[in-house]
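Comments concern the structure below.
All values reported here derive from a predicted model rather than from experimental measurement.
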Amino acid sequence: MSDAGEFIDLSLQREGSWRRADELHARLEVEPGGRGFRFYGTSVGAVRGTVRDAGRRYPGLSHDEVTALSSELWGSELRDSELRTAPVFERRLAAVVLLQANVHLLTNSDLTRLEGFIRDAKVRDLVDPLAVDVVGPLVGGLDILARVRADSVLDRWMREPDAWLRRAALLSPLLALRAGAGDWDRFVRHATAVLGEPRGPLDDDADADGAAVRDAVSRVVAEMAKRRPELQFTSVGE
């Protein structure tokens, strides 16, 4: 690993606990995408503190250094006693926090990297902050031409069979909508398309994937009902 990556990894291990690791394992194991992670048992606050410490220790990271470090943390795996490898949840969460802290450096081209992360993530604890705190602000900060291109990427995500990409596309405008901006009509079009789809086969994984997408619609609609009641949404069949 790089010096920065090793610093973050060792700090995460020092802050971990077996009790929290067991709790995380029990909670995420019930999600189809949560199976197979390794856990240090590091709290979210400690992960954020570790990334802040890394920022002070390695100041002024460039765009390329930030994205390379995020990919390093995301892709590194832990080997167990039986020589099986699996991604470490807290390393991936640290990659998300790193991107959140440096979203002002990200550009339109980084959506490809983020798409790969979202496809791999498959749990709300990783997908949701990537969508709300990284993808959304990244797209919102683009100039008009780049924004058009980014919106076309999100439109494609909505057509993907991957439920987590679709969830990310639906959640991405949440911060802007909270702030009184955002494109509500566009969200409504996407949400209406999702809710109008026939339900998939009744196997556990397919049902969970469909629920993850529908839950994203419910989350945004519920928040807007409280914060911006002037925004109207009528679900399919009403």
Side-chain angles (χ1 to χ4, degrees), residues 31-33 63-64 66-68 70-71 74-75 87 92 95-96 99-100 102-179 181-201 205-221 223-224 231 233 235-236:
E31 295 192 35
H63 166 273
D64 290 353
V66 166
T67 54
S70 69
S71 291
W74 191 273
R92 289 193 165 184
V96 175
L99 292 171
Q100 289 173 330
N102 293 280
V103 70
H104 60 284
L105 296 177
L106 302 182
T107 68
N108 199 27
S109 62
D110 292 310
L111 286 172
T112 301
R113 185 187 310 269
L114 294 172
E115 178 174 337
F117 286 2
I118 292 165
R119 287 184 185 276
D120 280 346
K122 299 188 184 300
V123 291
R124 289 168 172 82
D125 295 62
L126 297 173
V127 171
D128 290 9
L130 278 171
V132 175
D133 299 322
V134 182
V135 174
L138 186 166
V139 173
L142 297 173
D143 62 34
I144 293 175
L145 181 58
R147 176 67 180 268
V148 169
R149 292 172 178 165
D151 283 344
S152 71
V153 171
L154 297 185
D155 287 341
R156 176 177 58 77
W157 289 7
M158 286 301 306
R159 298 190 298 271
E160 287 277 347
D162 189 304
W164 297 101
L165 277 177
R166 297 162 75 200
R167 180 180 176 89
L170 288 162
L171 290 177
S172 63
L174 186 54
L175 287 186
L177 290 169
R178 281 178 186 166
D183 189 338
W184 177 248
D185 290 340
R186 189 166 185 273
F187 168 78
V188 169
R189 289 195 301 273
H190 284 166
T192 300
V194 165
L195 296 179
E197 293 172 347
R199 299 295 176 93
D205 286 358
D207 187 57
D209 285 350
V213 179
R214 295 189 295 274
D215 174 71
V217 175
S218 298
R219 177 179 170 185
V220 176
V221 170
E223 287 209 34
M224 293 307 103
L231 298 179
F233 180 84
S235 64
V236 172

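Side-chain contact between Pro129 and Gln100: present, with at least one pair of heavy atoms (C-beta onward) separated by less than 4.5 Å. Two residues are said to be in side-chain contact when any heavy atoms from C-beta on lie closer than 4.5 Å; Leu154 and Ser172 meet this criterion. Taking 4.5 Å as the limit, every side-chain heavy atom of Asp183 sits out of range of all side-chain heavy atoms of Leu177.
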CA sep, side-chain torsions, deciding dist, call: Met158, Leu170, side-chain contact (heavy atoms from CB on, under 4.5 Å): CA-CA 8 Å; Met158 286 301 306; Leu170 288 162; 3.8 Å; yes
- request: Please step through side-chain contact (heavy atoms from CB on, under 4.5 Å) for the pair Phe187 and Met224, ending with a clear verdict.
  value: CA-CA 12 Å; Phe187 168 78; Met224 293 307 103; over 6 Å; no
query: So Asp155 and His190, side chain to side chain donor-acceptor pair (under 3.5 Å) or not? Walk me through it.
result: CA-CA 8 Å; Asp155 287 341; His190 284 166; 2.9 Å; yes
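Residues satisfying the side-chain hydrogen bond (donor to acceptor under 3.5 Å, both in side chains) test with Asp125, not counting sequence neighbours, are Arg27. Listed by chain and residue number, Thr67, Ser70, Ser71, Asp110, Phe117 satisfy the side chain to side chain contact (heavy atoms under 4.5 Å, CB included) test with Arg113 (two or more places apart in sequence, or in another chain). By the side-chain hydrogen bond (donor to acceptor under 3.5 Å, both in side chains) test, Ser218 pairs with no residue at all, sequence neighbours left out. For Val153, the side chain to side chain contact (heavy atoms under 4.5 Å, CB included) partners two or more places apart in sequence, or in a different chain, are Leu111, Arg156, Trp157. With sequence neighbours excluded, the residues satisfying side chain to side chain contact (heavy atoms under 4.5 Å, CB included) with Arg147 are Val139, Leu142, Asp151. Every residue two or more places apart in sequence or in another chain that forms a side chain to side chain contact (heavy atoms under 4.5 Å, CB included) with Asp64 is listed here: Ser62. Under the rule for a ring-ring contact (aromatic ring centres under 6.0 Å, His included), Trp164 has no partner lying at least two apart in sequence or in another chain.
Exactly one of Val127, Leu130, Val220, Asp133 qualifies for a side-chain contact (heavy atoms from CB on, under 4.5 Å) with Leu171. That residue is Val220.
Under the salt bridge (Lys or Arg N to Asp or Glu O under 4.0 Å) criterion, the residue pairs touching residues 163-175 are Asp128-Arg167, Arg166-Glu197, Arg167-Asp215, with sequence neighbours excluded.
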